[in-house]
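Here is the structure we will look at, set down as structure tokens.
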Amino acid sequence: MRIQYCLPLSLLLGACAGPGEAPAPAAPMRGATAVLAVLETTDVHSNVLGYDYYKLAPDPTFGLDRTATLIAAVRKEFANTLLLDNGDTIQGTALADYQALVAPLKCDQTLAVYKVMNQLGVEGGGIGNHEFNYGLAYLSQVTGSRFDVDGVDPARPRCAGPAFPQVLANVYSSKTHQQLFAPYRIIVKQVRALDANGKPVVATVKVGIIGFTPPTIVAWDKRWLDGKVYTEGVRETAQKYIPQMRAEGADLVIAISHGGLDDAAYSPSMENGNYHLSKVPGIDAMLIGHSHQIFPNAASKVDQFNLPGVDKAGGLVNGVPTVMANLWGKHLGVIGLHLQYDGAHWVVDKRQTTVEARGAQQADKALVAADPAVAALVAAEHAATIGYVKTPVGASDYRMASYFADVGDMSAIAVVNQAQADYVARYVKANLPQYAALPVLSMASAFKSGSAGVSDFTDVPAGSLALNNAADLYLYPNTLYAVKVDGAGLKAWLEHGAGRFNTIDAAKAAAQELVNPSFPSYNFDTITSSDVSYEIDITQPPGKRIGRLAYRGKAIEPAQQFIVATNNYRASGGGGFPGLDGSKTILASPDANRDVLIAYIKAAKQLTLAAHGARRSWQFAKVKTAGPVVFHSAPNVIGLARAAGLQNVTLLRADDGGGKGYALYAVDLSQ
Ligand code: MN
Ligand code: MG
């Protein structure tokens, strides 16, 4: 069956073409002009609705239901729009896990997020790294794409997928040496234009879209991808296909590239290759993502937007119009391309290009209204997910929260480490007797630390625990891995994690920010074992901060051996930790860290603060600072710092003045 592929404007104009099938060509005349707004959603992570399945409460600060309203507004403003999605689409909420793992989607069903995107009129999509998290068979099914790869039955039927083409140029089947998805597509777009005399006409623009994902997926999702697919670098892939797209008649080339910017020397395996991609000739615009940031943004302090050649106010990367639309549908990227027909092709008048990331939050802080049609479309999936996440697993006598994880509240982290260490210790005893004498440690971090908004913290109330609480404690669908490291490697691991903090000048009288916002909280790995102790001296530069590292009271020797429980992401190189490149893995479990946690809570039945939430291996090195060291967290939670024994934390202001609802706190490093 051929999927009909109707563009919104084509509908308006009474035309509906199959993919690659040109509508009746309208030959434009030299000097004709048109404006085409290229719209980006990225890193939606299955947030179809502004609803927090961990808290079981609406949250209007994200969700495609509000992006829908932004899209409708832009379509009123621009005569011609092209809506494209940049991947990390199918994973990230309990709804996504429910559809993938709990009540697996049937072949004839369309994933909730794709149903919504179909309704929004998405016209093309890329593929992010998280699309691979549930394996190749699932990705093949839900995208309605046949993959000829090992592990996917080539005879299985083509299932329902999105009603728009998906492109990915740099991921290949090891079996066939062909890409899993079409590397690029040329969308034949009917646009409203003006002829050289200013008379309205309908014309055809051929828009080429090409997709890229981080080549590092093969390490991050090794359990699914190893030996089955391989990746190529972003730059050489673009150099190969862009001339081909032009030769096939593309007037415009839009790169849908799931990744951020990195001006380090180019390598084909680099995670964020778009700085180099921008220098490949022939790209008219780049839609980027993966880093969950806003670009353009004149006020951005993010490292990747403060590189030479990057115009963070104008939205240009080495001269190429570029947008990154944040995450979870909070923003919509809008690149306004002013086109002129030169007699053979439409070309972009660069002087008139506009680039914006429009937020669902308006200048007056109010959020745009949600489009009720979105909730109506996914009501059944939403209700089923809520039922699923209410499944009880145990109880706890303390509140587990991450508001103060950066300053030492381990209430939401310690139980994760305990569950991971317990699993690995039992596994080693049963299956790896050669390591039986080695201590088993565990690393975990706060996955939710306010980076996506003031409600983006883990917060599990005392009382009965359900699945949604376990998912709040362990956000990502990682699997449990264990690595063998020596004492030097353990220290290097902790050193890298301590990069979370800015370097504090003790003599400075002005307030200094504790946290480096470019360093994600999920890379601040910590140990919460009573056997281990260490200090983090943040007056020292990154790499020189870990001191007094001891195991059972004795300084850890560089050659001493440990087993450390972690996850597939970290063990396979995620976060760029020294030495963690996959070579140290001794256990690559198929079990999800979250399921390991759930099993641990079920076995423990009742968690107590004393036994499961209070352990902490690290302290800041004590130092008297002339001025305050400040950080931002939710208001009205100072009591949790006290409950965690953090007497050195004070509330400075209930409103930090940043306009996003955070309070300002200080940590006294001398205590
Ligand atoms: Mn993402
Ligand atoms: Mg990503």
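Every number for a ligand or one of its atoms is a count from 1 in the order of the listing.
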Ser291 backbone or side-chain N/O/S under 2.8 Å from the Mg ion (ligand 2): no
Residue His130, metal the Mg ion (ligand 2), N/O/S under 2.8 Å: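 Within the cut-off used here (under 2.8 Å), His130 places no N, O or S atom near the Mg ion (ligand 2).
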Within 45° cone of Tyr481 ring axis and under 6.0 Å: Arg570 NZ or CZ: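 Judged by the rule, Arg570 and Tyr481 form no cation-pi pair.
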For the Mg ion (ligand 2), the closest N/O/S atom belonging to His290: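 Checking each N, O and S atom of His290, the shortest distance to the Mg ion (ligand 2) belongs to ND1.
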Asp88, N/O/S atom nearest the Mg ion (ligand 2): OD2
Backbone or side-chain N/O/S of His292 under 2.8 Å of the Mn ion (ligand 1):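 Checking His292: at least one N, O or S atom is under 2.8 Å.
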Heteroatom test (N, O or S) for His290 near the Mn ion (ligand 1), limit 2.8 Å: no
Glu381 and Lys115 ion-paired at < 4.0 Å: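 The answer is yes: the pair qualifies as a salt bridge.
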Salt-bridge criterion met for Asp406 and Arg500 (N-O under 4.0 Å): yes
Test ring-ring contact (aromatic ring centres under 6.0 Å, His included) applied to Tyr474 and Phe447, step by step: CA-CA 7 Å; Tyr474 205 99; Phe447 289 154; 4.8 Å; yes
Lys448, NZ atom: more than 12 neighbouring heavy atoms under 6.0 Å: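 Enclosed.
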Aromatic ring pairing Tyr230/His177, orientation class (parallel under 30°, perpendicular over 60°, tilted between):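 Aromatic pair Tyr230/His177 classed tilted.
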Angle, OD1 of Asp43 through the Mn ion (ligand 1) to NE2 of His45 - 10° precision: 110°
Minimum-distance atom from the Mn ion (ligand 1) among N, O or S atoms of Asp88: OD2
